[in-house]
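Since the structure is predicted, the reported quantities are computational estimates derived from the model, not experimental observations. Values below: every heavy atom of this structure, side chains too, minus hydrogens, waters and symmetry copies.
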Amino acid sequence: MDFHKTLLNWYLLNSRSLPWRETSNPYNIWLSEIMLQQTRIAQGLPYYEKFIAHFPTVFDLANAKEEHVLKLWQGLGYYSRARNLHFTAKYVAEELNGIFPDNYKDLKKLKGVGDYTAAAIASICYDEPVAVVDGNVYRVLARYFGVETPINSTEGVKQFKALAQEMLYKKDPKHYNQALMEFGALHCKPKNPLCESCPFQKNCVAFQQGKTASLPVKLKKTKVTTRHFNYLVFKKNDETLLQKRTGKGIWKNLYEFPLLETSEEIQKEAFTNHPEVEKLVGKNFKNIRLYNNKPIKHVLSHQKLFAKFWIISVEDFPVAFEKPIIATQFSTIETFAVPVLLEKFIEAFHFSK
DNA sequence: AATCCGGGGTG
DNA sequence: CACCCAGGATT
């Protein structure tokens, strides 16, 4: 049996019911594809529902404030996706009359839309015969054909892209593409794939040669740096201070308490004597208490963060900040987009005490 | 070509 | 703990 026939038959019996499968509206498909980049469906699904409810059309998204978009994106990670999403929504609404490009080549010009996403939208919305190559596709093809080229090498990317395009069932790219990804996600899983019930068993090189567990091949892992964050949680009656993260680096355009980063974990005496702290609050160390004696560990893809939250009670807020600062009632913090690390602190910390 | 960018699930 | 997820942008 042909590969595509077996695949599409499997898909017919095993596909999940998902909201973006009920439509061919490029706005919905685009939104879902951006959200699902490096993100599991279970994690992205509630965000998709939330965005569609708040922004039914690309015009609604274009007219929103970036702050609102980031707030709704909060917790999903890779926040450049949200910023690019908003940028592209404005572009499509204002420059393209709200009409998305209808082909792979032009879709790829949109900010935040790369090879994968352009192929997904083009095939799903417009039946263009372009193969998607995501993590699932790499895995299924590497195993089925026994390809040992590292999937994240330049050579591997080229090879798998060509292979995927060659295998593509051009008469129905929309369902073939989704079927291949769905098969990788549900059946040909990274760990414990369901080989015993696999319809490709007979022709799968990895299964025949017992290589399933070692495919696909991937080059090294990224090295993780460690950082130490000290958050200054000012407390003036029911108000506190927030700053917006700008420039490069993590959490761009999200909010946080004023931050003092140190090269090592810092204890109370060193903290109160730190020049930056003295500059802000003087030597009034009696008003400073440490919320968590043990640093809170927060892991990102390239960084391991250790955070201490210092509660600083004041009668007047300092004015010596270098970056713009916002005074807000603690109960109003929830309107700001903050990293999950801070969201957890805010939830646990009872500001009135 | 390498590195950066989140957060959560899985084994 | 290591690995992965419906990747893309930047350097």
Expressed in whole Å, how much space separates the P atoms belonging to C:dA9 and B:dG8?
-> 24 Å

Whole angstrom value for the distance that separates P of B:dC5 from CE of A:Met35 | 22 Å

How close or far is atom P of B:dG6 from atom CG of A:Asn253, stated in whole angstroms?
-> 11 Å

Same cluster (ILVMFWY, side-chain, under 4.5 Å), A:Ile34 and A:Phe55 = yes

Relative to the ring of A:Phe100, is the ring of A:Tyr27 parallel (under 30°), tilted (30 to 60°) or perpendicular (over 60°)?
-> tilted

Please write out which residues are connected to A:Val319 in a hydrophobic cluster, directly or through intermediates, given that two of Ile, Leu, Val, Met, Phe, Trp, Tyr count as joined at side-chain heavy-atom separations below 4.5 angstrom.
-> none

Distance between P atoms of C:dA6 and B:dC4 (Å, rounded) = 24 Å

Once the angle between the rings of A:Tyr291 and A:Phe309 is folded into 0 to 90°, is it parallel (under 30°), tilted (30 to 60°) or perpendicular (over 60°)?
-> perpendicular

Would you kindly give the CD1-to-C1' distance between A:Ile250 and B:dC4, to the nearest whole Å?
-> 11 Å

A:Arg83 atom CZ is separated from B:dC4 atom C1', nearest whole Å, by 12 Å

Between A:Lys223 and A:Glu155, just flag the one whose closest nucleotide in DNA chain B comes earlier from the 5' side.
-> A:Glu155

So what does A:Trp20 hit on the nucleic acid, given a heavy-atom distance under 4.0 Å: a base, only sugar-phosphate, or nothing?
-> base

Which pairs, with at least one residue in residues 190-218 of chain A and sequence neighbours excluded, count as a salt bridge (Lys or Arg N to Asp or Glu O under 4.0 Å)?
-> A:Glu148-A:Lys211

On a whole-Å scale, what distance lies between the C1' atoms belonging to C:dC4 and B:dG6?
-> 13 Å

Which value, in whole Å, describes the distance between the P atoms of nucleotides B:dG9 and C:dG8?
-> 24 Å

Would A:Glu265 and A:Lys308 count as a salt bridge (charged side-chain N to carboxylate O under 4.0 Å, His left out) if you check the C-alpha gap in whole Å, the side-chain angles of each, and the deciding distance to 0.1 Å?
-> CA-CA 9 Å; A:Glu265 180 185 349; A:Lys308 282 185 169 179; 2.9 Å; yes

Hey, which sits more toward the 5' end of DNA chain C by its nearest nucleotide, A:Leu110 or A:Pro190?
-> A:Pro190

Taking 5' to 3' order, which nucleotide of DNA chain C is first and which is last to have an atom within less than 4.0 Å of a heavy atom in chain A?
-> C:dC1 to C:dT11

Hydrophobic side-chain clustering at under 4.5 Å (ILVMFWY, transitive links): who's grouped with A:Val130? Put none if nobody.
-> A:Tyr104

When the ring planes of A:Trp251 and A:Phe229 are compared, do they come out parallel, tilted or perpendicular, using 30° and 60° as the limits?
-> perpendicular

Identify each atom pair where a protein N or O and an N or O of nucleotides 7-11 of chain B are less than 3.5 Å apart, giving names and distance.
| unit_1 | atom_1 | unit_2 | atom_2 | d |
| --- | --- | --- | --- | --- |
| B:dG7 | OP1 | A:Tyr79 | OH | 3.0 |
| B:dG7 | OP1 | A:Val340 | N | 3.2 |
| B:dG7 | OP2 | A:Trp251 | NE1 | 3.3 |
| B:dG7 | OP2 | A:His298 | NE2 | 2.7 |
| B:dG7 | N2 | A:Gln43 | OE1 | 3.3 |
| B:dG8 | N2 | A:Arg40 | NE | 3.1 |
| B:dG8 | N2 | A:Arg40 | NH2 | 3.2 |

Which residue, A:Leu18 or A:Lys248, contacts DNA chain C at a nucleotide closer to its 5' end, judged by nearest heavy atom?
-> A:Leu18

Starting from A:Val224, walk the hydrophobic network (Ile, Leu, Val, Met, Phe, Trp, Tyr; side-chain heavy atoms closer than 4.5 Å) and list everyone else you reach, by chain and number.
-> none

